[in-house]
Amino acid sequence: MGESITLFSEDGKRSDGRSLDELRPIRIKVGVLSNAQGSAYIEQGRNKIIAAVYGPKEALPKHISLPDRCILRCRYHMAPFSTTERKSPAPSRREIELSMVLRNALEPLVMTWLFPRTVIDIFIEVLQADGGTRCAGLTAAVLALADAGIPLKGLVAACAVGKADGKILVDLNDLEDKYGEADMPVAYNPTLDGITLLQMDGIMSKEEVEQALSLAITATQKMHKMQVDALRERFSVQRREV
Amino acid sequence: MGESITLFSEDGKRSDGRSLDELRPIRIKVGVLSNAQGSAYIEQGRNKIIAAVYGPKEALPKHISLPDRCILRCRYHMAPFSTTERKSPAPSRREIELSMVLRNALEPLVMTWLFPRTVIDIFIEVLQADGGTRCAGLTAAVLALADAGIPLKGLVAACAVGKADGKILVDLNDLEDKYGEADMPVAYNPTLDGITLLQMDGIMSKEEVEQALSLAITATQKMHKMQVDALRERFSVQRREV
Amino acid sequence: MGESITLFSEDGKRSDGRSLDELRPIRIKVGVLSNAQGSAYIEQGRNKIIAAVYGPKEALPKHISLPDRCILRCRYHMAPFSTTERKSPAPSRREIELSMVLRNALEPLVMTWLFPRTVIDIFIEVLQADGGTRCAGLTAAVLALADAGIPLKGLVAACAVGKADGKILVDLNDLEDKYGEADMPVAYNPTLDGITLLQMDGIMSKEEVEQALSLAITATQKMHKMQVDALRERFSVQRREV
Amino acid sequence: MSITEQRPVISKLEQQELRRLLAENKRIDGRNPLQYRNIRVQLGYVEKAEGSALVELGNTKVLAAVKVGIAVPFADTPNEGILIVNAELVPLASPVFEPGPPSEESISLSRYVDRSIRESKSIDLSSLCIVPGRSVYSLYVDLYILDYDGNLIDASLIASVNALGITKMPKYVVEGQAIKKTDEYFKLELKDHPVSLTYAFLDDKYVVDPCLSEEYASDFTVSMTVKSDDRFCAIQKNGGGMISPRRVIELLERSLELGKELRTVAYRQLTGGNG
Amino acid sequence: MSITEQRPVISKLEQQELRRLLAENKRIDGRNPLQYRNIRVQLGYVEKAEGSALVELGNTKVLAAVKVGIAVPFADTPNEGILIVNAELVPLASPVFEPGPPSEESISLSRYVDRSIRESKSIDLSSLCIVPGRSVYSLYVDLYILDYDGNLIDASLIASVNALGITKMPKYVVEGQAIKKTDEYFKLELKDHPVSLTYAFLDDKYVVDPCLSEEYASDFTVSMTVKSDDRFCAIQKNGGGMISPRRVIELLERSLELGKELRTVAYRQLTGGNG
Amino acid sequence: MSITEQRPVISKLEQQELRRLLAENKRIDGRNPLQYRNIRVQLGYVEKAEGSALVELGNTKVLAAVKVGIAVPFADTPNEGILIVNAELVPLASPVFEPGPPSEESISLSRYVDRSIRESKSIDLSSLCIVPGRSVYSLYVDLYILDYDGNLIDASLIASVNALGITKMPKYVVEGQAIKKTDEYFKLELKDHPVSLTYAFLDDKYVVDPCLSEEYASDFTVSMTVKSDDRFCAIQKNGGGMISPRRVIELLERSLELGKELRTVAYRQLTGGNG
């Protein structure tokens with residue numbers, strides 16, 4: 001199918017005009033909802049995603065609680081109108097998997113031992129999807145956790161890298177995701193030098209995976225700065241409010 | 001679609017021969033089931049509906065109970081054979097909404113504070129549907145509550161009023177419900193001068209709503225008398241049995 | 001439909017060469033899984049079925065437990081690939097009924113009063129189905145209970161008997177089950193002279209039911225011996241291991 | 001997953017009383033062990049259904065209604081109509097019934113009634129084909145339990161057969177590719193009048209047509225469906241406990257005797273009193 | 001089964017304060033009893049939807065988006081397009097919303113919005129037929145509650161009508177048996193601009209456009225939907241409590257007054273400021 | 001909603017023992033850190049399936065079976081056959097598996113196996129088209145976990161590929177509008193022999209092919225699927241914890257080495273021992 005799709009223009013630019021290692025325009029805002037303890041909104045390309053955090057709060061029913069730490073619950077969900085064809089609001093197998101993958105990517109960041117017997121709920125709602133929603137959603141969810149005042153070991157930023165028409169590139173858009181050869185979402189914290197989310201599907205050689213990984217690290221470092229800026233803005237606003 | 005349907009004959013009578021403010025034949029019987037604490041049966045036109053009440057009984061699981069009053073659970077359900085086309089026995093969105101609307105219409109009548117930490121279950125089963133089932137079901141459910149010996153502030157009787165071919169009429173039948181211009185179910189207690197159920201869909205001017213409301217009040221007052229008669233019959237039978 | 005199907009050859013043999021009172025080849029092995037407390041595997045004709053037992057263990061949530069005995073939970077389930085057409089893995093109405101029938105057939109054998117407030121789980125998985133799966137599954141499940149060390153009043157072996165082309169026969173295969181006139185699964189313990197499972201569908205006269213029942217008793221007595229042998233083998237292996 | 005049911009506790013006293021009476025061949029409601037409760041059949045209770053019957057067996061009340069439609073036949077029976085039996089144990093009828101998807105009890109009940117009708121060939125499904133492989137009649141038999149005082153199986157089968165016995169079938173005509181309903185009806189032909197006989201066992205004794213407290217006190221029940229020609233078309237043991245082969249044979253005998261009597265009473269209105 | 005809801009406990013103090021203020025015709029956020037909160041409408045928020053609007057009513061945030069497709073019409077309306085309204089009370093928006101299948105609250109909300117649009121004839125469904133009996137347009141209106149501070153009904157209707165008001169419909173052409181989407185679009189015609197007005201009752205007083213704490217403290221609410229021609233197309237009492245007929249008539253009057261004002265504000269961008 | 005799983009408590013003692021051993025590059029079952037358990041493959045275990053394989057990886061037992069049917073292709077791939085992988089973690093296999101709809105663990109497992117097969121192009125789906133846009137082959141790969149002692153992913157992929165490798169496809173012929181099954185079969189062509197390699201991390205150490213107690217004690221696992229040409233077609237980190245980029249690169253290297261070996265053992269019967 002992919003043959004007739006042009007992912008690169010003659011001058012080597014990508015379908016949306018970017019170079020291989022260029023991120024899409026990103027807009028992040030922390031503290032966008034009034035009911036949630038913490039929240040964040042991200043636009044990355046045409047992605048529009050909100051994340052919200054409730055908790056820590058008592059874990060009910062009791063048998064789900066853990067005596068030595070808090071548990072996390074995470075739901076990644078796509079709005080019915082977020083995709084080109086309307087999506088049923090019931091969770092798909094993909095959404096169930098990603099909810100788990102995202103919980104796993106957030107769990108190592110939270111100082112869970114500070115809140116035994118409690119639960120933290122993390123909700124990620126994709127309002128518009130444009131490729132790389134799990135990564136953008138994760139980037140927002142970490143900020144929602146921080147906004148909720150939950151002690152974290154650090155932030156992670158997440159970005160998909162991959163391969164299209166034989167080239168390794170960063171921050172795949174919908175088209176590149178669909179017609180490219182490989183897609184590898186990565187969440188990374190530069191200070192801890194730690195990857196908390198890593199998936200890949202498609203075909204890449206060992207060298208290509210290494211190259212993509214290196215692109216991901218650079219990209220997530222850039223995004224990390226934007227995250228910090230968004231938090232700073234949030235707290236400066238609050239300070240002004242106080 | 002409605003154009004070719006004749007809702008009125010030439011002499012101004014309705015499709016079933018009634019005048020505008022005339023109720024369909026109603027038959028009410030209280031105490032029709034042996035297992036339920038209270039029960040009542042109503043026929044209104046071709047509607048055949050049974051209501052049953054269980055409780056007050058311990059509310060389980062405990063977390064649903066309230067410390068200062070009893071809670072109500074209500075299920076409005078249509079038998080698969082009650083409609084022209086067979087209906088799936090799984091609850092439809094309409095049945096879920098009506099279960100809530102009917103619970104809300106019953107709740108203000110029950111002296112809930114007398115039975116803290118308990119639950120009262122109310123089941124309404126439509127065996128045959130002929131327009132106005134929520135109202136007839138409610139009229140029966142109140143009697144089932146009374147039959148169960150649950151202290152009530154008063155009864156309500158319920159009746160749909162509405163508009164068809166430009167005329168305001170009472171107790172809509174299936175045809176008038178389907179092809180008429182507006183349908184407004186009302187549950188009313190004359191002593192307390194209180195409406196506990198009020199819905200409307202269709203199109204009516206302010207004056208028409210007022211006129212319909214006034215028809216509803218007259219009709220429910222008539223039905224209120226039938227309710228009292230049915231209760232009296234029930235208790236006189238019991239007295240004889242004793 | 002059945003007219004064109006030949007269930008008997010000219011010499012009176014059945015479609016798979018057996019005589020009327022002949023069982024299919026049976027292979028039984030006890031102790032086939034490592035995680036389950038007890039397990040057993042049976043092949044009967046082309047049936048391939050595993051049964052596993054977990055428990056007795058604490059019954060949770062508590063409200064399902066009984067103060068004076070253990071409860072049993074039983075699931076009969078067919079693998080999606082066990083039948084000619086792929087079967088949905090969600091439990092069918094037939095599987096729900098058979099889970100109950102099998103629990104009822106096992107319950108009178110277990111000395112439930114020895115384990116108050118606990119639960120024993122019995123799982124029967126049909127990997128390949130060839131007629132008579134409930135019976136073969138039950139024959140294996142009893143052995144899984146014994147393998148789990150759960151005190152039993154006795155074993156039962158189970159076998160379907162029935163009628164095809166006017167003849168009463170034992171251990172119906174898939175074809176005879178489908179095109180025969182009657183199918184009667186029976187589980188029997190010879191020592192206690194007790195039937196714990198009895199169903200019949202199809203058409204038989206009183207005399208035919210009696211004759212079939214008598215065939216079932218002979219057949220299950222034979223199978224009972226195989227069960228004992230399989231248990232003996234299992235425990236002699238364990239003894240050697242010790 | 002099927003789980004040991006928790007029967008409502010009947011007081012020890014009531015249990016002892018049931019057993020004491022039974023030792024003298026008596027029952028709590030004055031019946032003898034092989035006596036059915038009174039049966040009342042009201043035909044055509046639901047006018048919107050093509051056939052229906054309200055059956056009272058003592059205090060047990062079952063409403064059966066038949067809805068007729070057309071459907072695509074199953075691939076393996078392209079020339080046969082479709083019969084579906086569904087039972088709703090609505091919570092109105094008993095504090096032990098809960099709203100929600102069909103319980104195993106309700107599934108087991110409807111499957112037994114289904115088998116009794118199907119295997120007795122009461123309905124000739126091959127006569128319900130309109131266009132082979134494309135359009136056949138579908139008969140939905142919906143059972144609604146309104147009051148539960150034991151022995152749902154026998155009452156449900158009586159209600160179903162009565163409902164089918166008065167079912168009027170809309171006539172369809174085939175016009176090219178389309179199938180159109182006409183205003184005409186024909187009577188569904190009932191080929192047999194099966195009855196189910198249910199026995200409840202307490203220790204070594206048994207009673208027919210158990211009421212609820214007998215059902216709760218019993219070790220298990222056995223149901224047997226007998227056709228008009230005295231052949232059996234369904235048997236089912238329900239509940240735990242063991243029964244000896246000798247007892248089963250005894251029940252077969254009993255069912256032939258009792259079946260004739262029950263059939264006459266249960267289908268009097270259908271058959272004009274001739275059973 | 002519908003069950004008495006457990007509202008979050010608002011402190012006695014807050015309840016008393018609400019009532020005390022109301023006695024003086026004041027409200028907790030400084031509004032007068034018949035005053036709406038600020039409304040902000042952002043059209044076209046979701047570019048991937050054919051129409052969408054994000055509406056803020058005070059702190060309540062509702063996103064409505066319209067997806068257009070083609071579908072087989074319902075058998076009883078072969079010449080009409082299909083309109084489906086669905087509301088998701090996503091747990092993001094409030095600690096009382098839970099993930100899972102639609103709650104009765106969400107069903108009731110979407111059905112009220114559906115009725116308001118359908119009965120007001122805001123959309124002429126008969127204009128959405130492509131091939132009678134075979135292919136019609138389907139309009140899915142999905143409501144997404146993002147922040148819940150009371151009065152979802154009024155906010156949701158405003159969001160839905162705004163989203164429908166800018167919906168662009170893909171043109172389809174019929175080629176023999178096939179129906180093909182073209183690159184052209186036409187504007188969905190909006191025939192009316194209904195608004196819903198919701199009143200919360202506390203004892204004998206009421207306020208319009210209740211915020212969440214007013215909703216929680218109230219005995220019940222009444223919603224009324226008014227069309228542009230001042231006729232009513234939907235009414236619904238929600239929650240327990242009793243209302244007198246006199247009060248209902250008073251609310252009808254109020255709704256005519258308030259409706260005009262609300263319509264002008266809510267649909268300013270659609271109508272170019274002319275309501 | 002995904003919720004922090006509650007792993008069965010392995011005694012502190014066992015955890016300490018695992019770590020102590022690992023510090024000396026040893027494991028609880030005597031293997032070295034980069035050693036797989038014994039693999040036993042039984043081809044054609046389920047005769048009623050078109051292909052099947054029972055795989056034992058130590059005490060982990062996985063049965064994979066392929067059912068072949070025909071289906072309407074997906075709208076966006078009208079010329080491609082349909083491949084569906086489904087995993088059942090039946091409660092027989094472990095006290096932590098529960099009956100009911102697929103858990104997130106089972107979904108994640110089947111999706112990883114699906115990706116490994118699909119992305120490796122082991123099956124040429126475009127060769128499974130019968131009539132473009134109308135009829136294609138469907139391959140259901142059902143995974144049945146019978147005994148769970150860790151590392152379901154690697155065992156499941158081995159079982160699936162083996163089952164596909166012996167799958168015989170019924171031939172269909174097109175006759176006008178109808179598609180008929182013939183009695184002939186052809187062999188499904190397997191284009192690649194992917195293997196997955198799963199590593200469990202305990203503190204800063206890791207082991208390949210973790211048994212259950214290693215899995216429970218581990219911080220997280222990483223799985224990598226390698227094609228026959230040494231390229232990767234799927235990677236997945238499962239569980240919490242962090243891994244450094246350096247470690248990931250190390251695992252890529254390891255997987256190339258270990259993959260060759262594993263492939264030879266796992267697919268010996270398919271390839272006649274030539275891998």
Side-chain angles (χ1 to χ4, degrees), chain A residues 31-41 43 45-58 60 73-91 95-96 99 119-131 133 137 140-141 144 147-148 174, chain E residues 8 42 44-54 56 58-71 84-102 106 110 138-150 159 163 167 170 181 211-213:
Chain A
V32 294
L33 300 177
S34 62
N35 281 323
Q37 256 100 68
S39 60
Y41 174 77
E43 283 183 14
R46 299 209 303 166
N47 285 313
K48 295 187 175 188
I49 300 170
I50 303 192
V53 166
Y54 286 86
K57 55 186 181 181
E58 192 188 354
L60 284 177
R73 282 190 300 213
C74 180
R75 189 172 98 131
Y76 164 94
H77 189 237
M78 300 185 85
F81 43 75
S82 63
T83 48
T84 306
E85 296 295 312
R86 182 178 185 270
K87 194 208 143 284
S88 157
E95 283 168 295
I96 292 170
S99 295
V119 59
I120 296 170
D121 281 335
I122 302 153
F123 301 110
I124 298 166
E125 288 288 342
V126 178
L127 303 180
Q128 188 162 269
D130 186 31
T133 57
D147 185 36
D174 217 3
Chain E
Q42 208 174 324
Y45 185 83
V46 180
E47 299 96 344
K48 285 204 171 181
E50 277 80 10
S52 66
L54 177 65
E56 292 171 62
N59 276 331
T60 288
K61 268 199 199 68
V62 177
L63 176 55
V66 181
K67 293 295 255 190
V68 181
I70 55 171
I84 291 168
V85 179
N86 172 56
E88 296 285 313
L89 309 189
V90 282
L92 193 96
S94 162
V96 301
F97 294 166
E98 297 195 353
S106 122
S110 53
S138 68
L139 299 177
Y140 262 98
V141 180
D142 279 294
L143 288 162
Y144 234 61
I145 312 305
L146 297 177
D147 225 339
Y148 173 37
D149 190 21
T167 292
K181 195 173 175 172
C211 67
L212 192 58
S213 54

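A, B, ... follow the sequence lines: proteins, then strands. Residue 1 opens every chain.
- With a 4.5 angstrom heavy-atom cutoff, A:R75 touches chain E only via side-chain atoms.
- Ranking E:L146, E:D147, E:D149, E:L212 against chain A, the residue ahead of the rest is E:D147, based on heavy-atom pairs under 4.5 Å.
- Between chain A and the residues E:P91, E:P95, E:P101, the most heavy-atom pairs under 4.5 angstrom are made by E:P91.
- The contact between A:E85 and chain E is made entirely by backbone atoms, counting heavy-atom distances below 4.5 Å.
- Within the 4.5 angstrom heavy-atom criterion, only backbone atoms of A:S82 (N, CA, C, O) approach chain E.
- The shortest non-hydrogen separation linking E:A93 to A:N35 is O-ND2, 2.8 Å.
- Judged as a ring-ring contact (aromatic ring centres under 6.0 Å, His included), and not counting sequence neighbours, the contacts of E:F97 are E:Y148.
- If you measure heavy-atom distances from A:I50 to chain E, the contacts under 4.5 Å come from both the backbone and the side chain.
- Heavy atoms closer than 4.5 Å to chain E are found nowhere in A:V53, neither backbone nor side chain.
- Rounded to the nearest 0.5 Å, atoms NZ (E:K48) and CZ (A:R86) are 15.5 Å apart.
- Contacts between A:A51 and chain E at a heavy-atom distance below 4.5 Å involve the backbone alone (N, CA, C, O).
- At a 4.5 Å heavy-atom cutoff, the contact between A:A79 and chain E is made by backbone and side-chain atoms alike.
- Residues satisfying the ring-ring contact (aromatic ring centres under 6.0 Å, His included) criterion with A:F81, sequence neighbours excluded, are E:Y144.
- The greatest number of non-hydrogen atom pairs below 4.5 Å with chain E, out of A:S39, A:G55, A:P89, is found for A:P89.
- The parts of E:E47 that come within reach of chain A are both its backbone and its side chain, each placing non-hydrogen atoms under 4.5 angstrom from that chain.
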